Every structure is written in structure tokens, then in C-alpha cells.
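Reading through the C-alpha cells given below for one structure.
By convention here, the first residue in the shown sequence is residue 1. It should be emphasised that the depicted structure is a prediction, and the values quoted were computed from it without experimental measurement. Side chains included, hydrogens not; waters and symmetry mates left out as well; all remaining heavy atoms used.
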Amino acid sequence: MIELTRRERPWARMIVCGGNPLAYRLAVALADHAGIKVTVVLPSRKEGHGPLISAISGVRVIEAPLLNAEVLQSAGVAQADALALVDPDDVANIHAALRAQELNANLRLVIRFFNMSLGYRIRELFPGSVVLSDSATAAPLFVAATLGEVPASYAQLPGRGRPTVYVAKRSDVPKDRVLFGLADTTATYDQQRLPVNETDADLVLARANGPISLEAPPPGRLGRFRRRRGRGDWPRIRAAVSPKLAFAALGLLGLLALSVVALAVSMHLSWWQAVYLVVLDAAGAAEPDLTLSGFQQAVQAVVTVTGVTFIPVVIAAVVDAIVKARLATALGRPPPMRDHVVVAGLGNVGSRVVTQLHDLGVPMICVEHDPQARGVLVARRLGVPVVIGDASRDSNLREAHLAQSRALVAVTNNDVTNLEAALHGRAMREGLRVVLRLFDDDLAERVERNFQINISRSVSFLAAPAFTAAMLGRQVLATIPIGRQVLLVAELPISANSAFIGLPVRAADVPRLSRVIALQRRGHEVLDLPAPPEHLLDVGDRIIVAATRTGLTRLSSWSNPATSGRPGNPTVS
């Protein structure tokens, strides 16, 4: 049997290693492309997402508990064009990548990493490889949804000066900085990406005026969370104050205020004199005076008794709050807190959400059933309280003071747990803002609509387009979240056999599918930003586009048919 070389084969071979939701989404996306043969290596056909992956039409499935050299060889790594390693274990992915490189030095590697700083260093060992993080893609969306803000999305473009574009509300950007409209987000459940009439879009892509600090919070509500930082333990102590003692102290203070008014009016005193007498009487310095009227004597008696009572009540309230806060800390329980965010689930996504919320100064309490979870150590290092327990149990949510919180972020790996936590939260506090992670995007949309959940998203659904584009060899610069979907910012070279040659740049603008951001002319280092729509494309030109997954596939087939396997002809409107 003669094995065809890559250039002789009419198809491409793609291998995905993993049995998780991301592996399933990636296999479905690749199988949807003509001319691609997909093989999935998973630990079990019956566990996890094994049954769903095994049911994908046209996908070859290999079951292997360990990803050793023999398994990779049987999967066809030596003849493959691309390999995706999407196991959640960074070390296991590095080991598999080294084995795969020994079998095929020209293999395109797409590696999932949680620790992106390590991933970028490891990438140097594998020339041409792509390192991506699904949790890094999804976490900003959950953070923004929690705070009711636009997700902080930036893309640094190639070319001299590395210009930056970013996502913002149209009302927050000067008109001369707006490149084009990205989406109409006013429709809660049907947010149109790249609408036909871009002036209807309230979410826009804008050109930055100089460098952007990626750590700067978006405008709006985040400012008041920033101001909370540096207050020490006062918010916790304030939240721990007994309501009964607080009301008692306020009531006694009110009596003293009324006494000031009564003495000022009845004895014809100035306000300062009345306050002076009340303070002394309250401190126990009152002296009997039988020359006073009965009303004035009654006021003096009330002031004296109130003063004697007021000081012990205030001391009791403060001591009670301090003891409660310290006792909770000693017992490993979260201290009383108000207007905070409860994060349920401290896996890859949850740990990133906690880190980003902490950087923005947002107070939090976390709930996680596994004390060895990745995010537990992260939360404790940041000083964020953690309740060890199942987030689907209302007792654990009550321990996290969910009834006094402002938002719940349920991002465990279990859809049922997330949904139960969301329903418990709504029962505990009416109007609670809930951000929910669900695997099934159709279920997420229906839950959001029928249960009045603020935001429900699928992490794998958001991350899969970037992984798919990387597998197909497309240069993805950034992902832009739009509701439960994403847009890809990608660089497309115009090859010698491109269908775009001789056509204007605007030929790549397809409503609801793609929009050209910038143009890099052949031999030029400076980008045209925005791209001139009437410029006729030629070999060596490069266009930077924002596109849906379908739109990027179509543009790739037109810009370089030889590598896409799907030649086509663009139309010019």
C-alpha cells in the first residue's frame, strides 16, 4: 500500500486528543469541513463526552487510557497535518507533544494550556505550534457579565507600531475612532453579529489612540469596586454587626437628638448650648435641679438614662462584630459580607474569574467541593474566603452569605450543579444577578430565557472556534465575545491562486459573516487602518478581518484555495 504525501493527498488529516467538551466541539467543527479526515483519541467511549464524540458522523475514534507513542502511531500522527492536545493537564499535553514531534517533525501542534506563561515558553520547543487557553478566552466574559460591563477585548495587529483595536459601546467611543459596528446587543436573546446595517450596532470595534493598558478596568461600575480596596477589615466588621444591636444604638441616638431639640425649645437655648447640656447629661454629669419645669426634668432624666445605656450598646455591637469576624476566620468560615460576588466552582475557569475579579477590587466568597482544586490555592493566596462543599446545596450557599451578595457566578464542570446553584440563589434573593456556565448552548439559551438568568454560556462553545482555526492553519490574532458567540480576528494572506486577486477590499465584507479591519500592502510595514474599501488586492497583500467561524472558513477558501480544500469565488456588491 502506497501512502500519499501531504501535497498528493486530496484531504487533510486532523487528530484531536481528549474526551472533554472542548474535544467534542473541536471534532464537530473539523468534521463539518469538506476534505478533512478527523481522528479522536479519547480515554473512554463510555465516560465523559466519549458517547457524544463516538456518535459524530465520519469521525474515527480510538480508545486509549494513556497517550503513549504506540497510540499516537496508530492514530496516524506520522502522516497527520495537525494535532490538537486538549487535555486539562498541562504536563500531560507537553509530554504528548514531545512524543508527537518525534514521530512527525512537520506536524502542526495546537496545545491547550492553563498556565499560559509556561505555554508561551514551551511553544519555543515546537516551531509553528499554537498555544491556546479555553479558560482565558471565557473568563473575561464571565467577569464582564457579573459586573454588567462590556467584556474587555483587545487585538494587537501586526505591522509597524503594532496598532491596537478594542471593543466598546458606541456611546463610549469618539466617532472618529469607530471602525465599524460589531453587534446589536439590545436584543437579549438574538444578538446579531456584523449586522447588515452596522449603524444599528451598539457594540463597535474602535481604534486605540496609543497603547492600551490591558489591566485597566472598563468604565462604569468597576470604579466603585476599585475604591473599596485598602479599607482593611472594615467591610467585614460592618457586615458582622448584629442588626438588633445596630437598631438599638440608632434608636438611643435618636432619643438624644430629640432631647437636644426639646431642651433648645423649652429653655430658649442655642443649639450649641442644648447639645452641650445633652452630652454632659448623657455622660452621667447631670445634677438634680428642682427649679426646672416638669417637662425639662423629664428630658434630663431621659438623656441621663439614654446616655448610660448608649455606650454599652455601642461597645457590645463593635465587640460582637469583631468576635464574629475573628471566630469565622479561626474556624475556616467566611466572615459576614454584603454586596459581594459568590463564585461557585474553582476549576480552570473559576480560578481565572476569581483572579480577575480580585484584580478589579471586587469582594468575593468562593464555593468548591474539592479542597485540592486548582483554584482553591489561588483563592487562599489572594485572601479570598472559600467554603468547601457542594454548590448545589443551599446550606453551603448560605454559608457564603449568598442572600446578601450582589451576584452569583456558577462555573463548575457540572451543568446540574450550576443550574441548582442558580435556582437556590434566586430563591434566596430576589433580583440576584446570576451568571451561569452550561455545556449545551441550546440549553443555555433556553435557561436564560425561561429562568430569567442574566447570562448563561458554554466555555467549550466559546473556545472551539479559535482552536478550530488554529488546526486549519489560520492566523487568529484574538477572539471577540458577542453574547454566547465569538468573532475571530484573523490575518489572511492573498496567495498566487487567490480568488481575491484584482477584487476590491470590500469584496471580503460579507454581512453577518466577515468584515475587513485593516490592510497590509505587499512590501509595506504600516497597516492601512481602516482598510481602503476600493483598493484592488494583489499577491502578497494581507487583510485583517473580524469574522464568524463560517465567515473565516469562506474567506480562507477564497484567499488561499490550495490550502483550504474549498475553492470558491467571492462576489462584489
- Task: Output yes when a side-chain donor or acceptor of R45 lies under 3.5 Å from a complementary backbone atom of V61, and no otherwise.
- Result: yes
- Query: Which heavy atom of V384 sits nearest a heavy atom of M364, and at what distance?
  - Reply: CG1-O, 3.7 Å
- Sub-3.5 Å donor-acceptor pair from the side chain of D528 to the main-chain atoms of A518, do we have one? no
- Message: With rounding to the nearest 0.5 angstrom, report the OG1 to CG distance, T468 to L552.
- Response: 10.0 Å
- Message: If I take atom CD1 from residue I388 and atom CG from residue N396, how far apart are they, to the nearest 0.5 angstrom?
- Response: 9.5 Å
- Message: Given 3.5 Å as the limit, does a donor-acceptor pair link the side chain of D339 with the main chain of R406, or not?
- Response: no
- Task: Work out which heavy atom in A27 is nearest to a heavy atom in V59; give both atom names and the distance.
- Result: O-CG2, 4.5 Å
- Query: Between R433 and A145, is there a donor-acceptor pair closer than 3.5 Å when you use the side chain of the first and the backbone of the second?
  - Reply: yes
- Query: Counting N and O atoms only, with roles assigned by atom type, does the side chain of D184 sit under 3.5 Å from a partner on the main chain of P195, one being a donor and the other an acceptor?
  - Reply: no
- Query: Judged by atom type as modelled, is there a donor-acceptor pair below 3.5 Å linking the side chain of R112 to the main-chain atoms of V86?
  - Reply: yes
- Task: Examine distances only and state if a side-chain atom of S133 and a backbone atom of F113 form a donor-acceptor pair shorter than 3.5 Å.
- Result: yes
- About how many Å separate CZ of R170 and CG of D202, when rounded to the nearest 0.5 Å? 8.0 Å
- Message: Determine whether Y24 and I56 satisfy the following criterion, side chain to side chain contact (heavy atoms under 4.5 Å, CB included), listing intermediate values before the conclusion.
- Response: CA-CA 9 Å; Y24 168 73; I56 302 174; 3.9 Å; yes
- Item | Pair V386-L346, side chain to side chain contact (heavy atoms under 4.5 Å, CB included): steps then yes or no | CA-CA 10 Å; V386 179; L346 290 177; 4.2 Å; yes
- Item | R437 and its side-chain hydrogen bond (donor to acceptor under 3.5 Å, both in side chains) partner, picked from N414, T417, D415, N413 | N413
- At what distance, to the nearest 0.5 angstrom, does CD1 of I544 lie from CG of L519? 9.0 Å
- Please walk me through it: do D134 and S460 pass side chain to side chain contact (heavy atoms under 4.5 Å, CB included)? CA-CA 7 Å; D134 58 334; S460 58; over 6 Å; no
- Query: Does the D390 side chain pair with the main chain of H369, one donor and one acceptor, at a distance under 3.5 Å?
  - Reply: no
- Task: Any chance you could measure L357, atom CG, to L382, atom CG, to the nearest 0.5 Å?
- Result: 11.0 Å
- Step by step, would you call S458 with L438 a side chain to side chain contact (heavy atoms under 4.5 Å, CB included)? CA-CA 5 Å; S458 166; L438 293 174; 5.8 Å; no
- Message: Do R374 and S351 pair up side chain to side chain, a donor and an acceptor below 3.5 Å, judged on atom types alone?
- Response: no
- Item | Pi-cation contact, F439 with R25 (under 6.0 Å, within 45°) | yes
- Task: Taking all non-hydrogen atoms of both residues into account, name the closest pair between G18 and L42 and its distance.
- Result: O-CB, 3.7 Å
- Message: Is there a side-chain contact between V16 and L30 in this structure, where contact means two heavy atoms from C-beta onward sitting under 4.5 Å apart?
- Response: yes
- Query: Between P530 and R207, which heavy-atom pair has the shortest distance, and what is it?
  - Reply: CD-NH1, 3.9 Å
- Task: Kindly indicate whether the side chain of L157, heavy atoms from C-beta on, has any atom under 4.5 Å from the side chain of T164.
- Result: no
- Heavy-atom distance under 4.5 Å between the side chains of V343 and V367, does that happen here? no
- Side chain proximity check, L402 to L408, heavy atoms < 4.5 angstrom: yes
- Do T548 and T550 meet the criterion of a side-chain donor-acceptor pair at a distance under 3.5 Å? no
- Closest heavy-atom pair, R108 versus L472, reported as atoms and distance to 0.1 Å, is NH1-C, 3.9 Å
- Message: Can a donor-acceptor pair be found, under 3.5 Å and without considering hydrogens, that links the side chain of H340 to the backbone of A400?
- Response: yes
- Do the side chains of V130 and I111 get nearer than 4.5 Å, heavy atoms only? no
- When rounded to the nearest 0.5 angstrom, what is the spacing between CZ in F467 and CG in L85? 10.5 Å
- Query: Can you find a pair of side-chain heavy atoms, one from L513 and one from L194, that are under 4.5 Å apart?
  - Reply: no
- Just by modelled atom types, is the A92 backbone N or O under 3.5 Å from a matching donor or acceptor in the D87 side chain? no
- Would you say R393 has more than 12 foreign heavy atoms packed within less than 6.0 Å of its CZ? no
- If every non-hydrogen atom of L555 is compared with every non-hydrogen atom of S514, which pair is closest and at what distance? CD1-CB, 3.5 Å
- Item | Non-hydrogen side-chain atoms of I517 and L529 separated by less than 4.5 Å | yes
- Heavy-atom side-chain proximity of S135 to F114 below 4.5 angstrom: yes
